[in-house]
2 protein chains.
Amino acid sequence: MEALAEKKKAILESTLQLIQEHGFHGTPMSMVAKKAGVAAGTIYHYFESKERLICELYSHVKQQSLEAMQHADDQALPYQQRFFALWHSLFDFYRDNPSVLIFFEQFVNSPYYTQKPLDPLDAFHKTMRQFFEEGVQQHHLREANPEILAMVVHGSIITTAKVHRHKKLQFGGNDLQQIAQIMWDGMAAR
Amino acid sequence: MEALAEKKKAILESTLQLIQEHGFHGTPMSMVAKKAGVAAGTIYHYFESKERLICELYSHVKQQSLEAMQHADDQALPYQQRFFALWHSLFDFYRDNPSVLIFFEQFVNSPYYTQKPLDPLDAFHKTMRQFFEEGVQQHHLREANPEILAMVVHGSIITTAKVHRHKKLQFGGNDLQQIAQIMWDGMAAR
DNA sequence: CGGGGTTAATTGAATGTTCATTCGGTCGCA
DNA sequence: TGCGACCGAATGAACATTCAATTAACCCCG
């Protein structure tokens, strides 16, 4: 069933691309179809509606983020080193996939996201939380709600990637390391 | 003639409200007109197009954020105290005006924002930067690019407000203080 | 092996709706 | 009488979605 997956994938990826360029609006199904090299009707073979397409794209993209994060984590390393690896690998992922970043942010602030019951099985979120739970339990990090730590760190990564993208600031490797360091110093056990 | 004609203000505020509820798309001009209590044509008396309306709304909203921040800053206080006041006042502003938060985020990730040359006179940004420049110069904060510090702190505020809004986490005052503290500890001079 | 039959995949023109924008006209005021 | 604010029905373009028709994939019986 590979050929089918091909088309579905092409549709998802075209949508992602086009949303980066033209926004959530300004991306008609006809344009998606054209870019994906399929007929308009074909999209409806794979996705019930535009809304469903976008929601599936969200899951797809989130899965990718998770993989980027997990890929870089080597549990054998000391915790602090793992923290920096996590920070940089996620940042790199967002920097190298600006369309993911944009789509993600647009989706989260759209009614699609608010309307849906939040996915309780959200693997990305869960993995992130576990990482910080571990840090707190082992006293590498200060006593704090791991959810909060996860949120703040992920926020710093997203923010940095967004600013980078807009070229408001061009970050050198030192700058990035400094940002990660600020986060670490703020959260580390006293 | 007021600083802003009553109707113009009503249009701006209705747009803000509706975008929170229905998103950037899903907010037709006719709906804005109805909510603002004016005729569709009237909007075009004040705004050239929907795009212009949205861009003006952005400036308007940014101005409000600036005021929220400045309002709380008392330069007579010690720097650290000013930092916490800034963090909390901006957070409170976003928490109490979720429509601003949503709109802001949606706009920044839309093509409207990317297309426009970035406003070099951006007063919000400038005020923020100056605050952190001062902290670095007076050695309250570590040696770092003040732009970066400003970005990271603002990011932490926005992230917290967003998560709060989605009710993923309900923050108590302690939680908030802890987040601000993490940021301070990370940035403070060693 | 082959061909007839069943199902799934794909097409793209047609449909009906929604929307931004326009414009001829009304109203109130100087 | 003139002007600017304001109205809202009318216009035309753009769009999501549908569907009847076409093609490819597969399977089973002879």
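In what follows, chains carry the letters A, B, and so on, assigned in the order in which the sequence lines appear, proteins first and then strands, with residues in each chain numbered from 1.
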Euclidean distance, atom CZ of residue A:Phe47 to atom P of C:dT10 [Å, nearest integer] = 12 Å

Numerically ordered, the residues 19-44 of chain B set in heavy-atom contact under 4.0 Å with DNA chain D is B:Val38, B:Ala39, B:Ala40, B:Gly41, B:Thr42

Review item, side-chain donor-acceptor pairs of residues 26-40 of chain B, under 3.5 Å, at least two apart:
| from | atom 1 | to | atom 2 | distance (Å) |
| --- | --- | --- | --- | --- |
| B:Thr27 | OG1 | B:Gly23 | O | 2.3 |
| B:Thr27 | OG1 | B:His25 | O | 3.3 |

By ring pair (Phe, Tyr, Trp, His ring centres under 6.0 Å) - contacts of B:Phe131 (at least two apart) = B:Tyr79

Atom pairs and distances, side-chain donor-acceptor, residues 180-188 of chain A, under 3.5 Å, sequence neighbours left out:
| from | atom 1 | to | atom 2 | distance (Å) |
| --- | --- | --- | --- | --- |
| A:Gln181 | NE2 | A:Asp185 | OD1 | 3.1 |
| A:Asp185 | OD2 | B:Arg142 | NH2 | 2.5 |

Return the value, rounded to whole Å, for the distance between atom OH of B:Tyr46 and atom C1' of D:dC7.
-> 12 Å

Would you kindly give the NE2-to-C1' distance between A:His45 and C:dT10, to the nearest whole Å?
-> 8 Å

Is any side-chain N or O of A:Lys7 closer than 4.0 Å to OP1 or OP2 of C:dA9?
-> no

Starting at OH of B:Tyr46, measure out to NZ of B:Lys9 and round the result to the nearest 0.5 Å.
-> 13.0 Å

Among all residues two or more places apart in sequence or in another chain, which pass the side chain to side chain donor-acceptor pair (under 3.5 Å) test with A:Tyr94?
-> A:His154

Gap between atoms NZ and P, on A:Lys50 and D:dT18 respectively (whole Å) | 15 Å

Please list all pairs passing the side-chain hydrogen bond (donor to acceptor under 3.5 Å, both in side chains) test where one or both residues lie in residues 66-77 of chain A, with sequence neighbours left out.
-> A:Gln63-A:Glu67, A:Asp73-A:Arg82

Side chain to side chain donor-acceptor pair (under 3.5 Å) partners of B:Lys50, counting only residues at least two apart = none

Using the test side chain to side chain donor-acceptor pair (under 3.5 Å), find all partners of B:Glu48 that sit at least two apart in sequence or belong to another chain.
-> B:Arg52

Integer-rounded Å distance: C:dA9 P and A:Lys8 NZ = 11 Å

Between the protein and nucleotides 25-30 of chain C, which nitrogen or oxygen pairs are less than 3.5 angstrom apart?
none

